[in-house]
Protein chains: 2
Amino acid sequence: MSVAIENFVKAIYKNNNNDVNDTKPGNIAKKLGISNAAATDMAKKLAAKDILNYEKYQALQLTNKGEKMALNVIRKHRLWEAFLHKTFDMTLHEIHREAEFLEHETSNFLANKISDYLGNPKFDPHGDPIPNENGEITTIDTSISLSNTQEGKQYIISRLMSDDKEFFDFCALNGLKYGNSILVTKQFSKNKMTQISINNNTILLNEDFTNIIYVNDTN
Amino acid sequence: MSVAIENFVKAIYKNNNNDVNDTKPGNIAKKLGISNAAATDMAKKLAAKDILNYEKYQALQLTNKGEKMALNVIRKHRLWEAFLHKTFDMTLHEIHREAEFLEHETSNFLANKISDYLGNPKFDPHGDPIPNENGEITTIDTSISLSNTQEGKQYIISRLMSDDKEFFDFCALNGLKYGNSILVTKQFSKNKMTQISINNNTILLNEDFTNIIYVNDTN
DNA sequence: ATTAATTTTTAAGCTTACTTAAATTTTTTA
DNA sequence: TAAAAAATTTAAGTAAGCTTAAAAATTAAT
């Protein structure tokens, strides 16, 4: 499959979360930086290949085949991220940037080699789940966003849901890393800010950040 | 630069050894598995970009710029080979196959990370020299083909110049590996065969193989 | 419930990287 | 050295993956 097709199914898969309209051609086009016309064109082509269901003016929906394709690319992306992070100690932004290219030129053979080497991890350094060889994500995500945490409680960072360099730089600078422990010291409900303590530092985070930082209860 | 262009300049660079005619469009076409017409087409395009010199019916010649491009791709290819071989213990055939794709989607940034990680090696697992970041190959090759070795002398394997799976399988099976030591026990000049001793095994090699196995004198 | 704004689709056209077929030039060989 | 063979080039055409512009349909707003 071509890079264009792989990116297309990936974009649909990733947009398929909240609003049904998020997988309409225009939104996929915006995500990929192509024209709406190009997205419609591609949608028709992929429908003919049974990769997605296309009906005029409706949202695009991946078939089983299409979803498998998307998960296969996402698997390779996240395996590369995990591998580059571990091996070369590259930043969250750098690993994403490189994986974005490598994912399309990686055989299943090599993907499995990487996975084995890493001990078949279930999460990448952003906390995103890594699908297995069959495109299955077995792990149940029990994490909540930092916005919904309670004052005085301890949490483990489980996901940094972004691809923004500025955000990652901020996280790296402040020890906000997958697996690290934090204490929520204050929730300012009025202005939607959260104060946390990490490595003996106190940090105040606004809603933009607390919405994309996910954590697990330490029990 | 596109994959097609990178492969084109690479093919010219690699064919530019013995016969001048080896870089004529037809031979490049054959190497790349495209039609002669396509090769001529591409040659004209690249000439317009000052990547090579094109004159009707003449052999193609890379400009400085074109050669730099070729060496940059070759550098990435060989770094990947070295890395995959070391990290995943993949065979010479497997590393070549994967590197053939990865080389086109590797940033200079990542290439340097890989190089640093490996200790900036000067040779890949086939014994092929790895150009540095500036496209320079500093090492002087003093190796000779096994066909030209002398009876009773000890040599170090310095290069396995092939991309044939069968050959690599044979090498792996018999310990014929970059850096390994061998003793030339007999040269059968009449039928152009060479008998060697390696790991207490005696192997008889025909011309096809002795021509592509290079060695260095142990002095 | 119309009107306005937005989105989607259609249509026409472009570039890249190929193809095959025919014409031309070069090279080989007898 | 002239004819035959081979290689190269030109010409015409194709598919993928885009573009812009205009038409059609949907969605939002008053």
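What you see is a predicted model, and the numbers here were worked out from it, not measured in a lab. Chain naming here is simple, since letters A, B, ... match the order of the sequence lines and numbering starts at 1 in each.
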*Asks:* Name the closest nucleotide to the Ser2(B) side chain, picking from dT10(C), dA17(C), dC18(C).
*Replies:* dA17(C)

*Asks:* Give me the residues of residues 20-33 of chain B where at least one heavy atom lies under 4.0 Å from an atom of DNA chain D, by number, or none.
*Replies:* Lys24(B), Pro25(B), Gly26(B)

*Asks:* Among dT19(D), dT9(D), dC18(D), which nucleotide sits nearest the side chain of Met42(A)?
*Replies:* dC18(D)

*Asks:* Could you pull out the closest heavy-atom pair between Lys10(A) and Ile74(A), with the gap in Å?
*Replies:*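 Where Lys10(A) meets Ile74(A) most closely, the heavy atoms are CG-CG1, 3.8 Å.
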
*Asks:* Rounded to whole Å, how long is the line connecting atom OH of Tyr57(A) with atom P of dA24(D)?
*Replies:* 9 Å

*Asks:* Taking 4.0 Å as the cut-off, does a side-chain nitrogen or oxygen of Lys44(A) come that near to OP1 or OP2 on dT9(C)?
*Replies:*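 Looking at the OP1 and OP2 atoms of dT9(C), neither is under 4.0 Å from any side-chain N or O of Lys44(A).
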
*Asks:* Without decimals, in angstroms, what is the distance between Ile34(B) CD1 and dT20(C) C1'?
*Replies:* 14 Å

*Asks:* Side chains of Glu81(B) and His77(B): any donor to acceptor distance under 3.5 Å?
*Replies:* yes

*Asks:* Would Asn108(A) and Lys76(A) count as having a side-chain donor-acceptor pair, cut-off 3.5 Å?
*Replies:* yes

*Asks:* Mind checking if Ala37(B) touches a base, just sugar-phosphate, or nothing, with heavy atoms under 4.0 Å?
*Replies:* base

*Asks:* Between Ser147(A) and Glu207(A), do the side chains contain a donor N or O and an acceptor N or O under 3.5 Å apart?
*Replies:* no

*Asks:* For Tyr54(A), answer base if it contacts any base atom (sugar-phosphate contacts may also be present), sugar-phosphate if it contacts only those atoms, and nothing otherwise; contact means non-hydrogen atoms under 4.0 Å.
*Replies:*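 The answer is sugar-phosphate, as Tyr54(A) gets under 4.0 Å only of primed atoms, P, OP1 or OP2.
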
*Asks:* Got a sec: does the CG of Asn64(A) have more than 12 other heavy atoms crowding it under 6.0 Å?
*Replies:* no

*Asks:* If you compare every side-chain N and O of Thr40(A) against the phosphate oxygens of dT9(C) (OP1, OP2), does one of them come in below 4.0 Å?
*Replies:* yes

*Asks:* What's the closest nucleotide to the Lys45(A) side chain, out of dT20(D), dG17(D), dT9(C)?
*Replies:* dG17(D)

*Asks:* Rounded to whole angstroms, how far apart are NE2 on His104(A) and P on dA16(D)?
*Replies:* 19 Å

*Asks:* Let's see if you can work this out: which of dA17(C), dT20(D), dT8(D) has an atom nearest to the side-chain heavy atoms of Asn36(B)?
*Replies:* dT8(D)

*Asks:* From the options Phe168(B), Phe167(B), Tyr214(B), select the one residue that forms a ring pair (Phe, Tyr, Trp, His ring centres under 6.0 Å) with His126(B).
*Replies:*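 Passing option: Phe168(B).
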
*Asks:* Output the rounded distance in Å from CD1 (Ile5(A)) to C1' (dA16(D)).
*Replies:* 9 Å

*Asks:* Given atom CG of Asp41(B) and atom C1' of dA7(D), what is their separation to the nearest angstrom?
*Replies:*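 About 16 Å, once rounded to whole Å.
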
*Asks:* Does Ser35(B) put a side-chain nitrogen or oxygen below 4.0 Å from OP1 or OP2 of dT19(C)?
*Replies:* yes

*Asks:* Quick check on DNA chain D: between Lys56(A) and Ala4(A), whose nearest nucleotide comes earlier from the 5' end?
*Replies:* Ala4(A)

*Asks:* Round to the nearest Å and state the distance from Phe8(A) atom CZ to dA16(D) atom P.
*Replies:* 15 Å

*Asks:* With side chains defined as the heavy atoms from C-beta onward, is the minimum distance between Asp22(A) and Asn17(A) less than 4.5 Å?
*Replies:*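 No; the side chains remain at least 4.5 Å from each other.
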
